[in-house]
Amino acid sequence: MRIPAEWESQRSIWLSYPHNQVHWGDRLEAIRLLYHDLIQLIRKYQRVDILVQSEDVASELEAELNPGPYPLICHVIPTDDIWIRDYGPFFMLMEGSEASAHAEISAHSEASAHSEASAYAEVSAESLQITSFEFNAWGEKYPPWQSDNQVPKRLSTLLAAPYSSSPLILEGGAMEFNGRGLALTTAACLNGEKRNQASLPELCQQIDSSLSLDELLVLPHGLYGDHTDGHIDNVARFISPYEVLLAMPENSSSVNYQPMQANLHKLKSWRHPKYGSKLSIQMVPCPEPQKFNAEILPLSYLNFI
C-alpha cells in the first residue's frame with residue numbers, strides 16, 4: 001500500500017460545502033460564492049465530490065451551477081466545517097494495481113448528481129484502502145468537530161473500501177507525501193498538550209506503520225501564528241519525488257526567517273537510505289506580511305491543491 005503524491009493523476013477532488021454560521025458569520029454567503037467558483041474551476045479538469053448537509057442543499061447546488069466538462073457529485077454526509085483536507089481520509093492504494101498506477105483518487109483536498117458506491121467500481125476494494133486518524137480541530141481550538149471526525153469512516157462505507165484507523169491525532173494538512181514512501185511533517189503537529197503525548201520517535205514509528213511509510217522527516221517549525229500548529233502544507237511541498245519547495249521569507253528580520261532556515265538545514269541533511277542522494281530544494285518567497293486583528297497571518301504560496 002502507498003499514498004500517492006499529489007501531482008499524480010487524480011479522478012476527483014473532495015470538498016465540504018460551507019454551512020457553519022457560527023464560524024463564518026456574515027462571510028458565509030461570500031464563502032459559498034467562492035466555493036461555487038472553485039467547483040467550476042476544478043470541473044474543467046476533473047470531477048468534484050462534495051459533502052453537503054442535506055438533500056435540499058444538494059438540489060440547490062446542482063441547480064445553481066452550470067453543467068461542466070466533469071460532474072459534480074453531492075453526498076449527504078454531516079460535517080462541522082469545510083476543512084476536509086484535514087479531517088478527510090488518507091486514501092491508500094495497493095502498489096502495482098491499476099488504481100495505484102494512475103492514482104485515481106486524490107490523497108487529500110481542501111477545502112452532488114447523487115451517487116452510489118457503485119460509481120467507484122473502477123477502484124476495487126482490493127486496490128483502495130481508507131486510513132484515518134483522530135481529528136480534534138487542531139488541538140481542540142474550534143469546536144465542534146465530532147461530525148468531521150466521522151467523515152473517513154462514512155466515506156469508507158460509501159466507497160465500499162477497507163478501513164483502518166489510528167488513535168493518534170493527525171490532520172491531512174500536517175502530512176506531505178512524495179509517493180515513494182517519504183513524507184514530511186512538522187514537530188508541533190505531532191506532539192502537544194491537546195495532541196499526542198508520546199515521543200517524536202514513537203509517533204513517527206506509529207504513523208509510518210499506519211501509512212506504510214519508509215520514513216517520516218520531521219521539520220522543526222511551522223509558520224508563526226499558524227492556528228493549525230504549523231501545518232507542513234504552508235511550509236514545504238514535494239513537486240517531484242525528491243524535489244521540495246520551501247517557504248522562505250526574503251527579509252532576514254521576518255519572524256519566520258530563522259525557523260525556515262532551521263527547516264532548510266533539516267531538508268539539506270536528508271539522504272536517501274539506499275542511494276545516498278539528496279533532496280533538491282527550491283525556495284519560494286513568502287507573501288508580504290499582513291495582520292488581522294493585530295495577529296501576523298501565516299501566509300504562504302505553498303498551501304495549494
Side-chain angles (χ1 to χ4, degrees), residues 6 15-16 18 20 22-25 27-28 30-31 34-35 38 80-88 107-111 133 135-143 145 148 169-177 183-196 200 203 216-239 244-267 281-305:
E6 192 157 324
L15 301 173
S16 291
N20 192 314
V22 174
H23 286 177
W24 295 110
R27 297 174 294 166
L28 181 58
I31 293 295
L34 184 150
Y35 259 63
L38 177 62
D80 298 299
D81 212 335
I82 62 175
W83 310 109
I84 192 171
R85 186 180 186 94
D86 288 343
Y87 59 70
H108 288 293
S109 304
E110 268 309 323
F133 295 81
F135 176 76
N136 71 347
W138 313 281
E140 302 183 6
K141 293 185 182 75
Y142 303 104
W145 58 81
D148 291 343
I169 295 166
L170 186 68
E171 302 93 33
M175 298 289 293
E176 175 69 9
F177 304 93
L184 305 176
T185 189
T186 59
C189 289
L190 301 187
N191 196 298
E193 180 182 355
K194 299 290 187 177
R195 286 182 171 271
N196 305 298
L200 281 179
L203 292 171
L216 178 56
L217 183 59
V218 182
L219 303 189
H221 301 289
L223 291 183
Y224 177 84
D226 189 342
H227 292 180
T228 68
D229 297 328
H231 272 183
I232 193 69
D233 63 9
N234 259 346
V235 173
R237 307 293 301 274
F238 287 110
I239 56 171
V244 177
L245 301 182
L246 176 65
M248 183 62 66
E250 295 182 291
N251 189 338
S252 61
S253 66
S254 166
V255 68
N256 284 308
Y257 185 79
Q258 290 302 328
M260 293 306 107
Q261 287 290 320
N263 287 343
L264 176 60
H265 176 75
K266 183 79 171 184
L267 290 168
I281 306 165
Q282 311 296 329
M283 307 302 169
V284 176
C286 292
E288 287 297 314
Q290 295 183 37
K291 290 185 177 181
F292 180 75
N293 292 338
E295 292 185 3
I296 297 176
L297 296 176
L299 302 181
S300 169
Y301 293 117
L302 299 187
N303 200 334
F304 55 77
I305 296 176

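The line from NZ of Lys266 to CE of Met260 is 14.0 Å long, rounded to the nearest 0.5 Å. For the atom pair Ile82 CD1 and Ile31 CD1, the distance stands at 6.0 Å (nearest 0.5 Å). A distance of 9.0 Å separates CZ in Phe177 from OG1 in Thr185, rounded to the nearest 0.5 Å. The CG atom of Asn136 sits 11.0 Å away from atom CG of Asp148, with the distance rounded to the nearest 0.5 Å. Taken to the nearest 0.5 Å, the CG atom of Leu299 stands 12.5 Å off from the NZ atom of Lys291. Between the CG atom of Asn303 and the CG atom of Asp233 there is a distance of 4.0 Å, given to the nearest 0.5 Å.
Crowding of His265 atom NE2: a count of heavy atoms from other residues, nucleotides or ligands under 6.0 Å not exceeding 12.
With hydrogens and angles left out, the side-chain atoms of Trp145 and Asp81 include no donor and acceptor closer than 3.5 Å.
In this structure, Ile232 and Cys189 have side chains that are not in contact, with every pair of non-hydrogen atoms separated by 4.5 Å or more. Between Trp83 and Trp138, some side-chain heavy-atom pair lies under the 4.5 Å cut-off. Side-chain contact between Leu170 and Leu190 is present, with at least one heavy-atom pair separated by less than 4.5 Å.
For Asn196, there are no side-chain hydrogen bond (donor to acceptor under 3.5 Å, both in side chains) partners two or more places apart in sequence or in a different chain. In this structure Glu288 satisfies the side-chain contact (heavy atoms from CB on, under 4.5 Å) test with no other residue, sequence neighbours excluded. Taking Val284 as the reference, Leu245, Tyr301, Leu302 meet the side-chain contact (heavy atoms from CB on, under 4.5 Å) condition, with sequence neighbours excluded. Residues satisfying the salt bridge (Lys or Arg N to Asp or Glu O under 4.0 Å) criterion with Asp229, sequence neighbours excluded, are Lys141, Arg195.
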Show your reasoning for whether side-chain contact (heavy atoms from CB on, under 4.5 Å) applies to Ile169 and Phe135.
CA-CA 6 Å; Ile169 295 166; Phe135 176 76; over 6 Å; no

Should Met283 and Leu264 be marked as a side-chain contact (heavy atoms from CB on, under 4.5 Å) after you check the CA-CA gap, both sets of side-chain angles, and the distance that decides it?
CA-CA 9 Å; Met283 307 302 169; Leu264 176 60; 3.1 Å; yes

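Nearest heavy atoms, Tyr87 versus Ser16: OH-OG, 2.7 Å. Asp86 and Gly173 make their closest contact through OD1-N, 2.9 Å (heavy atoms, listed as atom of the first residue, atom of the second, distance). Closest heavy-atom contact between Phe292 and Leu297: CB-CD2, 3.6 Å. Closest approach of Met175 to Ala183, counting heavy atoms only: CE-CB, 4.0 Å.
Pro249 pairs in a side chain to side chain contact (heavy atoms under 4.5 Å, CB included) with only one of the listed residues (Pro285, Pro287, Pro259, Cys286), which is Cys286.
Pairs engaging residues 248-260 under the side-chain hydrogen bond (donor to acceptor under 3.5 Å, both in side chains) rule: Asn251-Ser253, Tyr257-Gln261 [sequence neighbours left out].
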Which atom pairs, one a donor and one an acceptor, fall under 3.5 Å between side chains of residues 216-227 and the rest of the protein, sequence neighbours left out?
from, atom 1, to, atom 2, distance (Å)
Asp226, OD1, Thr228, N, 2.9
Asp226, OD1, Thr228, OG1, 2.7
Asp226, OD2, Thr228, OG1, 3.2
Asp226, OD2, His231, N, 3.4
Asp226, OD2, Asn234, ND2, 3.3
His227, ND1, Tyr142, OH, 2.6
His227, NE2, Glu295, OE1, 3.4

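A salt bridge between Glu6 and Arg237 is present, with a side-chain N of the basic residue lying under 4.0 Å from a carboxylate O of the acidic one.
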